[in-house]
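Taking it in order: structure first as structure tokens, then the write-up.
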Protein chains: 2
Amino acid sequence: MKRRMTIQKTIILNSLKELHHPSAEELFEVIHQEYPLISKATVYRNLNLLVEEGIIDKLEVTDGPARFDLPMKKHYHLRCDNCGKLMDIEMDYLDDLDSMVKNNEGFQIKSHTLTFHGLCPECNNKKENGGF
Amino acid sequence: MKRRMTIQKTIILNSLKELHHPSAEELFEVIHQEYPLISKATVYRNLNLLVEEGIIDKLEVTDGPARFDLPMKKHYHLRCDNCGKLMDIEMDYLDDLDSMVKNNEGFQIKSHTLTFHGLCPECNNKKENGGF
DNA sequence: ATTTATGCAAATCATTTGCACATAG
DNA sequence: CTATGTGCAAATGATTTGCATAAAT
């Protein structure tokens, strides 16, 4: 199954370069501005294809839509428990973690994801002012 | 808003003791056997209430339904990339990780989740036999 | 007697899929 | 040409919600 280059795929890749790990929906909104004919299904389909081809990364987030991005150095995330905002973190990647697992019962470990949880500055303020 | 104890809530809690981090759907299926009148909405509602009250834990898994469990010692998970099977891992909890984050831009870090990814023995076999 | 909880069906959100038509190679 | 991609709408899966009724306090 040989892939073709289409206008849609080009636009999706370009938009991906301009946005910070957007969700498929966010990407669609932006692209829809300059290219109103595009279908949401096309955005989803191309994102999945690009992930399969290893051209982009899919960040699966608990509780919320998946986010996509151009591949970058392995890193971890910080996610706000309240508003769901996701940010990248400055921390050395723990390469040796995968080999620290005992009793893995034949499971082949290939990678890991580490996400920190808490409150972003904005939500932390809201909370202190009785916001929730 | 004071909570009431209902038959449904009792059954949900009991079933939770018997199952290994089931999804809401799985829990519903099991409960539905012995208590066919229960509604799926009731299962979801009670699970959410129990999580809010801190009585049970919600394990949010990327790409798949959330799973629920009685609170246990902090631990990490192993998830099969192919079939989605989730298992608990034997590994010391990294208490000092939360303080290793630099440049958190005012973010209050409270916890972290660490999940290992790879292939479970079954899927690994399938793969070697050309399954996918 | 209140007020919270339940059951049902409809609604919502993220994502996928079937199908006829368009288009890249 | 012909297989791959597109747009649309309908389908799916997980979860939530509105509303009238039932049950707990």
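Sequence lines set the chain letters: A, B, ... in the order given, protein chains first and strands last, and positions in each chain run from 1. Values below: every heavy atom of this structure, side chains too, minus hydrogens, waters and symmetry copies.
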Task: First encountered from the 5' end of DNA chain D, between B/Thr6 and B/Ser23 - done: B/Ser23
Task: Candidates C/dG7, D/dG5, C/dT17 - which lies nearest the side chain of A/Met1 - done: D/dG5
- [ ] Measure from CD on A/Glu25 to P on C/dT15 and round the result to the nearest Å.
- [x] 9 Å
Open item on the list: Counting only heavy atoms from other residues, nucleotides and ligands, does the tally under 6.0 Å from CG of A/Asp96 exceed 12?
Closed with: yes
TODO: Would you kindly give the CD-to-P distance between A/Glu26 and C/dA14, to the nearest whole Å?
DONE: 10 Å
Open item on the list: Does A/Glu60 form a salt bridge (charged side-chain N to carboxylate O under 4.0 Å, His left out) with A/Arg67? I'd like the steps, not just the answer.
Closed with: CA-CA 6 Å; A/Glu60 309 217 47; A/Arg67 304 189 157 274; over 6 Å; no
TODO: Decide salt bridge (charged side-chain N to carboxylate O under 4.0 Å, His left out) for A/Lys9 and A/Glu53; before the verdict, give the C-alpha distance in whole Å, the side-chain angles of both, and the deciding distance to 0.1 Å.
DONE: CA-CA 13 Å; A/Lys9 189 183 279 194; A/Glu53 296 170 51; 3.8 Å; yes
Open item on the list: In this structure, how many angstroms lie between the P atom of C/dT6 and the OH atom of B/Tyr35, rounded?
Closed with: 9 Å
- [ ] Look at all strands and tell whether B/Gln8 reaches a base, only sugar-phosphate, or nothing, counting heavy atoms closer than 4.0 Å.
- [x] sugar-phosphate
Task: Closest listed nucleotide, where the reference is the side chain of B/Arg4 and the choices are C/dT16, C/dT2, C/dT6 - done: C/dT2
TODO: Take atom NZ of B/Lys9 and atom P of D/dA23, then tell me their distance rounded to the nearest Å.
DONE: 17 Å
Task: Distance in angstrom units between B/Leu49 CG and C/dA5 C1', rounded - done: 9 Å
Open item on the list: Using OP1 and OP2 only, check whether a side-chain N or O of A/Thr42 sits under 4.0 Å from D/dG7.
Closed with: yes
Task: Base C/dG7 to side chain B/Arg45, donor-acceptor N/O within 3.5 Å cut-off - done: yes
Task: Candidate nucleotides C/dC8, C/dT6, C/dT16, ranked by approach to the side chain of A/Tyr44 - the nearest - done: C/dT16
Open item on the list: Assess the residue pair A/Phe68 and A/Asp57 against the criterion (side-chain contact (heavy atoms from CB on, under 4.5 Å)); give the C-alpha distance rounded to whole Å, side-chain angles, the decisive distance to 0.1 Å, and a yes or no.
Closed with: CA-CA 6 Å; A/Phe68 301 85; A/Asp57 284 343; over 6 Å; no
- [ ] Would you kindly give the CD1-to-P distance between B/Ile38 and C/dA5, to the nearest whole Å?
- [x] 14 Å
Open item on the list: Counting only side-chain heavy atoms from C-beta out, which of D/dG5, D/dG7, C/dG25 sits nearest to A/Met5?
Closed with: C/dG25
TODO: Could you please name the option among C/dT15, C/dT16, D/dT15 that lies closest to any side-chain atom of A/Asn48?
DONE: C/dT16
Report all side-chain donor-acceptor pairs from residues 28-41 of chain B shorter than 3.5 Å, counting only partners two or more places apart or in another chain.
residue: B/His32; atom: NE2; partner: B/Pro36; partner atom: O; Å: 3.3
residue: B/Gln33; atom: NE2; partner: B/Glu29; partner atom: O; Å: 3.3
residue: B/Ser39; atom: OG; partner: B/Ala41; partner atom: N; Å: 3.1
residue: B/Lys40; atom: NZ; partner: B/Glu25; partner atom: OE1; Å: 3.1
residue: B/Lys40; atom: NZ; partner: B/Glu25; partner atom: OE2; Å: 3.1

- [ ] Would you kindly give the CD1-to-P distance between B/Ile11 and C/dA5, to the nearest whole Å?
- [x] 16 Å
- [ ] Report the distance from atom CG of B/Leu37 to atom P of C/dC8, rounded to the nearest whole Å.
- [x] 8 Å
